[in-house]
Number of protein chains: 2
Amino acid sequence: MAREPGDRRERILASAAALFARKGVSATTVREIADEAGILSGSLYHHFESKEAMVDEIVTSYLEDLRTRYKRVLDGDSHPRTRLHDLIVASLEVVEAHPHATEIYQNDVNYLTQIERFGYLRTAGKEVQQTWLSVIEAGIAEGVIRDDLDPKILYRLMRDAVWLSVRWFKPTAAYPITRLAEDCTSLFLDGLAKTR
Amino acid sequence: MAREPGDRRERILASAAALFARKGVSATTVREIADEAGILSGSLYHHFESKEAMVDEIVTSYLEDLRTRYKRVLDGDSHPRTRLHDLIVASLEVVEAHPHATEIYQNDVNYLTQIERFGYLRTAGKEVQQTWLSVIEAGIAEGVIRDDLDPKILYRLMRDAVWLSVRWFKPTAAYPITRLAEDCTSLFLDGLAKTR
DNA sequence: GTCTATATAAGGATAGAC
DNA sequence: GTCTATCCTTATATAGAC
C-alpha cells in the first residue's frame with residue numbers, strides 16, 4: 001500500500017511525541033525533533049507552524065479520542081460495577097492508543113495549562129472528572145458503592161492510579177491490558193484484603 | 001529569634017522549588033528564580049553552583065526524609081494492615097513536608113533521570129518499591145492480603161494514587177491528611193463496593 | 001552578598017536558494 | 001519539501017566592581 005500524503009507529517013509528529021514524552025515538552029528542542037525525522041530544523045516549519053502547534057495537535061487528538069470513548073461508556077451498560085470497569089477499560093485503551101500523548105499530559109499538564117493556547121486542558125480535565133463522578137455517584141445512589149467516601153477523592157485516587165500506568169505498564173501475553181483493567185476494577189471495588 | 005546564616009539561602013531554595021514544581025525544572029529560568037528572590041540572576045551563583053545544583057539539593061533532602069520515615073515504618077507495628085496504613089501515612093506526611101519536591105519528582109522524574117547527575121533517582125525508586133513490596137508480600141504470606149494480584153502491580157497502583165495526591169490535596173479542618181490516609185487505606189484494603 | 005556587564009551557547013523561528 | 005544561512009531572543013554562567 002502506497003503512503004498517503006500526510007504520512008510523512010504524521011511520522012514527524014509521532015517521533016516528536018516520543019521525545020516530548022521522554023524529555024518533557026520544554027526540554028525537547030526543535031533541532032532534536034528534526035534530527036529524529038532526518039531533516040534540518042528549518043524544514044520542520046514547512047509542516048508545522050511552531051513547536052507549540054505540534055504539542056497542540058498531539059494533545060488535541062488524544063483528548064478527542066478520550067472524549068469519544070468515554071461517551072461510548074456512558075451510552076453502554078448502566079450497572080455501576082460494569083460502568084466503572086468500562087471507564088477503566090476505556091482509559092487504558094486510550095493509554096495504549098496514545099501512550100506518548102498520555103505521558104505528555106501527565107507530566108506536563110502543569111506547564112501546559114500556564115500557556116494560554118492550552119487553556120482548553122482545564123475544560124477537558126473537568127469533563128473527565130464529571131464522567132467519573134457521574135458513575136461513582138450513580139453507584140452510591142443505587143447502593144452499590146459505599147457512601148462514606150467522598151466521590152471526588154475516590155475519583156482522583158482511581159484516576160491517578162489508572163492513568164499513571166502509562167509510565168510502567170507494558171502489556172505481555174501473560175498480562176494483557178484486559179487483565180490490568182480487571183485487576184484495577186477488583187482492587188478498587190473489592191479491595192485487597194482477603195477477609196474483613 | 002534572629003535569622004541564622006543560611007536562612008537566606010534556604011528561602012531562595014524554597015522559592016526555586018515552588019517554581020520548579022509549578023512550571024517544571026526545564027521551563028524555569030535562573031532569572032525567574034532570582035526575580036522571586038529579589039536579586040539579579042548573577043547573584044544566585046554566589047549561593048549555588050548551578051541550577052542543577054539547586055534541584056539536586058531539593059530532591060536530595062526530600063529523598064533523605066522519605067528514607068528516614070519509611071525506615072521508621074518498617075521498625076514499627078508489623079501487622080500487615082497497620083503497616084500498609086503506616087506506609088501511606090508516611091508518604092502523605094512527606095508530601096505535606098515537601099510538596100514542591102514531591103511535585104518536581106512526580107513531574108520531572110523522566111527528564112531528571114536522563115541527566116547523569118540524577119542517576120541516583122533510579123536507586124531511590126527501587127528502594128521505595130522494595131519497601132512497599134516487603135509489606136505487601138508479608139501481608140500475602142500471612143493470609144491477610146489477596147494472593148491473586150501481582151504485588152508489583154498493586155504497589156504501582158497504590159503508589160501513584162497516594163503520591164499524586166500532591167497535585168490536588170489541600171488539607172482542611174474537615175478533611176485533614178489523617179483522614180485522607182484512612183480513606184486510602186480503606187479504599188485499597190476494603191474496596192468501595194458496599195456488598196459483594 | 002549583590003550589582004553591572006558580558007561571555008558563550010542554545011533556543012525558536014524565518015528567508016530564500018535549490 | 002529540504003537545505004543553507006542566519007536573525008533574534010533567551011538561557012546559563014562568569015568576572016570583577018562595589
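To find a chain, count down the sequence lines: A is the first, B the second, and so on, and within it residues start at 1. The analysis underlying the following values was restricted to heavy atoms, covering all of them including side chains, and did not include hydrogens, waters or symmetry mates.
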With A:Asp75, which residues qualify under salt bridge (Lys or Arg N to Asp or Glu O under 4.0 Å), at least two apart? none

Going by salt bridge (Lys or Arg N to Asp or Glu O under 4.0 Å), name the residues that satisfy it together with B:Glu103, two or more places apart in sequence or in a different chain. none

Between B:Ala90 and B:Val73, the two heavy atoms sitting closest are CB-CG2, 3.8 Å

Does D:dA13 have its OP1 or OP2 closer than 4.0 Å to a side-chain nitrogen or oxygen of B:Tyr45? yes

Quick check on contacts: within residues 18-41 of chain B, what sits under 4.0 Å from DNA chain C by heavy-atom distance? B:Ile39, B:Leu40

Are any of the side-chain heavy atoms of B:His100 and B:Ile58 separated by less than 4.5 Å? no

Within a strict 4.5 Å, meaning less than it, do heavy atoms of the B:Phe20 and B:Val25 side chains meet? yes

Could you list the donor-acceptor pairs under 3.5 angstrom formed by side chains in residues 150-161 of chain A, with sequence neighbours left out?
residue  : atom : partner  : partner atom : Å
A:Asp150 : OD1  : A:Lys152 : N            : 2.9

Which salt bridge (Lys or Arg N to Asp or Glu O under 4.0 Å) pairs, counting each pair once, include a residue from residues 85-97 of chain A, with sequence neighbours left out? A:Arg69-A:Glu93

For a quick test of reading the model, state the closest non-hydrogen atom pair linking A:Ala17 to A:Ile104 and the distance between them. O-CD1, 3.8 Å

Closest nucleotide of DNA chain C for B:His47 versus for A:Gly42: which of these residues is on the 5' side? B:His47

Sequence neighbours excluded, the answer for salt bridge (Lys or Arg N to Asp or Glu O under 4.0 Å) partners of B:Arg31 is none

Does any pair with a residue in residues 125-141 of chain B pass side-chain hydrogen bond (donor to acceptor under 3.5 Å, both in side chains), and if so which ones, sequence neighbours excluded? B:Arg67-B:Glu127, B:Tyr70-B:Trp132

How bent is the helix from C:dG1-D:dC18 to C:dC18-D:dG1, comparing axes over its five end pairs at each side, to the nearest 10°? 10°

In residues 48-62 of chain A, which residues come under 4.0 Å of DNA chain D by heavy atom? none

For residues 169-184 of chain B, the salt bridge (Lys or Arg N to Asp or Glu O under 4.0 Å) pairs (sequence neighbours left out) are B:Arg179-B:Asp183

Please verify the inter-ring angle class for B:Tyr62 with B:Tyr105; under 30° counts as parallel, over 60° as perpendicular, anything in between as tilted. tilted

Show me the pairs that pass salt bridge (Lys or Arg N to Asp or Glu O under 4.0 Å) and involve residues 14-23 of chain A, at least two apart or across chains. A:Lys23-A:Glu32

Of all nucleotides in DNA chain C with an atom under 4.0 Å from a non-hydrogen atom of chain A, which is the first and which the last going 5' to 3'? C:dG11 to C:dT14

